[in-house]
Structure formats: C-alpha cells, structure tokens
Protein chains: 2
Amino acid sequence: MILVDEGVDVGVRSSGAGVRAVPPATVARLPGYLRALGALGDEGIVTTSSDELAERAGVSSAQLRKDLSFLGSYGRRGVGYEVAHLSEQVGVVLGLATQRRVVIVGIGNLGHALANYSGFAERGFAVVGLLDADPAVVGTTVAGLVVEPADELARVVEQRDVSIGVIAAPAHAAQRVCDALVDAGVSGILTFAPRALRVPDHVDVRAVDVASELQILAFHDARRSATGA
Amino acid sequence: MILVDEGVDVGVRSSGAGVRAVPPATVARLPGYLRALGALGDEGIVTTSSDELAERAGVSSAQLRKDLSFLGSYGRRGVGYEVAHLSEQVGVVLGLATQRRVVIVGIGNLGHALANYSGFAERGFAVVGLLDADPAVVGTTVAGLVVEPADELARVVEQRDVSIGVIAAPAHAAQRVCDALVDAGVSGILTFAPRALRVPDHVDVRAVDVASELQILAFHDARRSATGA
DNA sequence: TAGATTGTTAATCGATTAACAATC
DNA sequence: TAGATTGTTAATCGATTAACAATC
C-alpha cells in the first residue's frame, strides 16, 4: 500500500451530539482560518463576519461557512463570530490543545532552516530533537539543540513522546528514515524529499516538494505564453 | 480578488487535434509522474506499465491512466509506456522544454536553503537572482550568486527574463514582495510565508506553509489518540 | 421591527474509481 | 491466437457554489 497524501476522513466530537466527519478538503483549510483569526486578534478585532474572515483567508464566504459548519455552530446569526472563541474552537478541532512534539531528521541546509523557524512554536509545535546520519554534524548545536545520531531515533521518539517526524534528509535516504520513524511510532510524517513514501495505513504523510510546486507554476506559465498573454 | 492556490484550467495542444483541458488535480500530479519516470530511467528501465509507474508515484493505476489520457495517447495497448518518451511528453506539457528562470526574495535561513537546493536545476529551473531588503545581507555570496538589494527586483526580473518568483521573506513583508513581483511581471509565485496573498487573476500563486502542514497532521494525530489507536 | 448574517439545503461541478472494449 | 495492457466510458463520490430560511 502506498500513501503519499491525504489521510482518512475521521470524526470530531461536537459538544453533546454525535460525531461529525470533517472532509479532508475542509481540514486542509482550517490552518488558514486559524492564521487569519490570529491576525484579526492581533489587530484587536473582537468580532468578525464570514465575509471578513473569508476575505482574509482567501476563500469565499460560502466556503468558509460551509467549512465551519462541519465543526459545529460557533457564530451568531446577524452578528458574526467572536474571534477569540472561534480561534480556540478551530484550535481544538486541529488537536492543538495538546502541544505536539516534533523531530527533524536531516540537518542540512533545509533542516537548519526548519530548526530555526519560529513559526513552529508559535503555532503549537515543539521541536524536541534534531538528528543526522553524518558524524560531522552530530554534536553540533543548532537552534539550541545538540544534533543527535540518526540511529538514536527510536529512543528519542519514545522518551520525548514525539508524534510527528519531519524528513529533511536527502531523497535517497528518505524511505529509510520514513521506515525508522514509523517503527519508532510517530503518527504523522512531513517530508521534503522528492520521493513517494510507503507507509502503513495508520500513519499520515504530507509531502512538500518545492521543485514540483515550481513545475506546476511552469505549466500555467507555459499556457500563458502559448495563448499569448 | 483573492487567490491563494490553484490556477485556471487551461488547454494543452495535442499533436494535431484540438485543445484538451487538463484538470488542475491532474496537473498537480504530473511532477510526481515525471519524478517516478526519472527514477525508472536511472535504473535503466526502458518500458513500464501503468501498474508499475502508478505504484512508484503513489497513485492507483486507474488514476494514472486517466491523468495521462488528458495529455494524449503515449502508451501502447498490451505493451505499456516507453519511459524516455513518456517522460519527455510530460515534460513538454509541464512547459519544461524551455527552462524557467527564478528569483528568490528573502535570503534568511530558508532562502539560503532554497538557493543551495540542487533539485531546482535538476528539474528544469535556473535560479538567476537572490534579493534581500537587509543591507547586511546584500553583497554577500550565496550559492555562487551575489545577493542584490530588494529594490532592484524590477530590473532583475526584466533583464534576466524571470517568470517565477519565490518568496522566502518574513510574513509581514510577503504582500509587499508579492506586489513587487507582480508589478515586475512574473507569471507565477511560490510563497513560503504564512499569509494569504492577493494577486491579479493572471498571476498564479502556490503557497507552502510548513506549520499548516503540521497542523493538518496534528488533526489526524488527535483523532487517532481520541479513538484509541 | 428592520437589517444583518449565519447555518443549511439543494444544485452544480469536478475528481475518482471500476470495468471493459480496443488493440498491441 | 492468447495474454496483456491501454484508453475510455459510465458510475460513484466528494467538493464547491448559490440561495435562502432561520434567527440574532
């Protein structure tokens, strides 16, 4: 079985009632809503509307309301949404009530950049381990953490209760690192290596491939040139 | 008008016949097929089947055949696909026949990592400019290029025929950089800043937000914990 | 009450899957 | 010819959009 993207469609407890499935497409947009809500909060805005929030998140207000309807009923007709409250609820649905612990495997240029990225902490994640296979890198300090040997992965994941692994290793090592993360027991993997990864059904993989993103842009650029724009 | 993702659905010339629309979902998978074809080629495999290629790309063979059918008819029934030929055709559809030139704006940790990433060149892109707003960074050499001042953007884009801009600047500067790229005339933008960007209809934006990816993984992790797995 | 805005319904649209006829 | 595998069709499924009744 091969999985590259998208996990299963699972339920969310809604206050007293039953369980509601949140569609994958909706889940994928929730972080954007959370971001927009954070910005509104920072600007001191207390109440917002589906129009305003949608505008900021870059979606239509119809889609925003539809998405939020899967989570429950957190607005007031005629009034709008309370920013702080909605923000908290979306956070709960995304499982950010508990902080998730993350390891980064592969401390090259990209691993360095990720380790130093402050957005992780700001948005609910703690980077608790950096690992690398290269003895020359092991022992160095990056972003306040000492890089540990890659073969310590199982111990690090278990002892520090890590649930998400980030793969910033070279493509040829990606599947090996992935297997090690799965064996160590993480439930989610974010990979930057340009390779499809094989994982068991219970593990969720998200893949970011920068060159693929550029190729998708190239497609549109090519059409544009061809049709003379 | 706000656009964060996905461009328009545009056509591809097929050998003699008319124009066929390639659905966005298909376009988004083409880079993965190209990658898998490259790997097959590297292994010296000359002919492949939809089963084999799909397995490597991490999709179903039905989906692969459906996707390829939008591009034209490049296989032989009973036989399969010639790796080199299919690879070339997919490349043509993605507009990789012409090399695209790229600038990176924001040479912090991430910009550094991107500038040094060899995958760009390997997959059809030339990084021809690095720009930063910080005078302390301007003038330094990164990945063989001298970092130029951000306000030289228009000149760099025009003189070096740049069609794609990569935003690796801080979130608060993202919209400003985006506007400058649009004014300079790029047709596609890849942004790593956690912000929805406003662009005119004729410009295509792809957004990579690492923390959002982790939040999506957190959602699945939370369901898993809740349902006791 | 009148105006505003949500939450939901129904219609539309696009994507995926399965099955198989065409054909090498 | 018999076996294999594509390309396409039709059915299913999921996502988006628009409109509006509910209600603050």
Side-chain angles (χ1 to χ4, degrees), chain A residues 1-12 14-15 17 20-30 32-33 45-55 57-83 85-86 89-90, chain B residues 1-12 14-15 17 20-30 32-33 45-55 57-83 85-86 89-90:
Chain A
M1 160 131 307
I2 307 192
L3 284 178
V4 177
D5 233 86
E6 310 298 15
V8 284
D9 188 354
V10 289
V12 169
S14 67
S15 306
R20 220 184 278 248
V22 183
T26 294
V27 173
R29 280 186 294 266
L30 294 182
Y33 300 157
I45 294 169
V46 174
T47 301
T48 188
S49 65
S50 63
D51 263 350
E52 183 179 50
L53 184 54
E55 152 84 16
V59 302
S60 72
S61 66
Q63 179 152 85
L64 173 73
R65 288 199 303 278
K66 185 79 173 131
D67 283 338
L68 294 183
S69 78
F70 290 111
L71 315 187
S73 195
Y74 299 122
R76 279 190 18 213
R77 292 170 200 241
V79 179
Y81 303 90
E82 213 235 304
V83 172
H85 182 239
L86 183 57
Q89 294 308 320
V90 174
Chain B
M1 161 130 305
I2 306 193
L3 283 179
V4 176
D5 234 88
E6 308 298 13
V8 283
D9 188 355
V10 289
V12 169
S14 68
S15 307
R20 218 184 281 248
V22 182
T26 295
V27 173
R29 281 187 293 266
L30 294 181
Y33 300 157
I45 294 168
V46 175
T47 301
T48 188
S49 64
S50 62
D51 264 349
E52 183 179 50
L53 184 55
E55 152 85 15
V59 301
S60 73
S61 66
Q63 180 152 82
L64 174 74
R65 289 199 300 280
K66 185 77 174 138
D67 282 339
L68 293 183
S69 78
F70 290 111
L71 316 187
S73 195
Y74 299 121
R76 276 184 26 208
R77 291 169 201 245
V79 180
Y81 303 90
E82 214 236 301
V83 171
H85 182 240
L86 182 57
Q89 294 308 320
V90 174

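Side chains are part of it too, since the values below use all heavy atoms of this structure and drop only hydrogens, waters and symmetry mates. From a predicted model like this one, the values you see are computed outputs, not experimental measurements.
Distance B:D67 CG to D:dT6 P: 14 Å, rounded to the nearest Å. Remark: P of D:dG7 and CG of B:L64 are 10 Å apart, rounded to the nearest angstrom. Distance CG (B:L53) to P (D:dT5): 14 Å, rounded to an integer number of Å. Across the protein-nucleic acid pair, B:F70 atom CZ and D:dT6 atom P stand 17 Å apart, rounded to whole Å. The CD atom of B:Q89 sits 12 Å away from the P atom of D:dG7 (whole-angstrom rounding). In this entry the distance linking CG of B:D51 with C1' of D:dG7 reads 14 Å, nearest Å. If you measure from atom CD of B:E82 to atom P of D:dT5, you get 17 Å, rounded to the nearest angstrom. Per the geometry, CG belonging to B:L68 stands 13 Å off C1' belonging to D:dT5, to the nearest Å.
The line from NZ of A:K66 to OG1 of A:T26 is 8.5 Å long, rounded to the nearest 0.5 Å. Distance CG/A:L68 to CD/A:Q89: 11.0 Å, rounded to 0.5 Å. The CG atom of B:L53 lies 6.5 Å from the CG atom of B:L86; values are rounded to the nearest 0.5 Å.
A:S50 has no side-chain polar atom (N or O) that falls below the 4.0 Å cut-off from OP1 or OP2 of C:dT5. Within the structure, every side-chain polar atom (N or O) of B:Y81 is placed at least 4.0 Å from both OP1 and OP2 of D:dA4.
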N/O to N/O distances under 3.5 Å, protein versus nucleotides 11-13 of chain D:
none

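Put simply, the side chain of B:T47 does not reach to within 4.5 Å of the side chain of B:V83, judged on heavy atoms. Within the 4.5 Å cutoff, the side chain of A:Y81 has heavy atoms near those of the A:R65 side chain. The shortest distance between side-chain heavy atoms of B:R29 and B:Q63 falls below 4.5 Å. Side-chain contact between A:D67 and A:Y33 is present, with at least one heavy-atom pair separated by less than 4.5 Å.
Residues A:S49 and B:K66 each lie close to DNA chain C; by heavy-atom proximity, the contact nearer the 5' end of the strand is made by A:S49.
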With sugar-phosphate taken as primed atoms, P, OP1 and OP2 and all else as base, the protein-contact string of nucleotides 19-24 of chain D at under 4.0 Å (heavy atoms; B, S, -) is B-BBBB
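Nearest nucleotide to the side chain of B:R29, out of C:dT8, C:dT16, D:dT17: C:dT16. Considering only the side chain of A:Q63, D:dT17 comes nearest among C:dA15, C:dG7, D:dT17.
Closest approach of B:S50 and B:S61 over heavy atoms only: O-CB, 3.7 Å. The minimum heavy-atom distance linking A:A57 with A:G32 is given by the pair CB-O, 4.2 Å. For B:A21 against B:P23, the heavy-atom pair with the smallest separation is O-CD, 3.6 Å.
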Pairing annotation in dot-bracket form, given for DNA chain C with Watson-Crick or G-U pairs under 3.5 Å and | for cross-strand partners: ..||||||||||||||||||||||
Pair A:L30-A:L71, side-chain contact (heavy atoms from CB on, under 4.5 Å): steps then yes or no: CA-CA 10 Å; A:L30 294 182; A:L71 315 187; 4.0 Å; yes
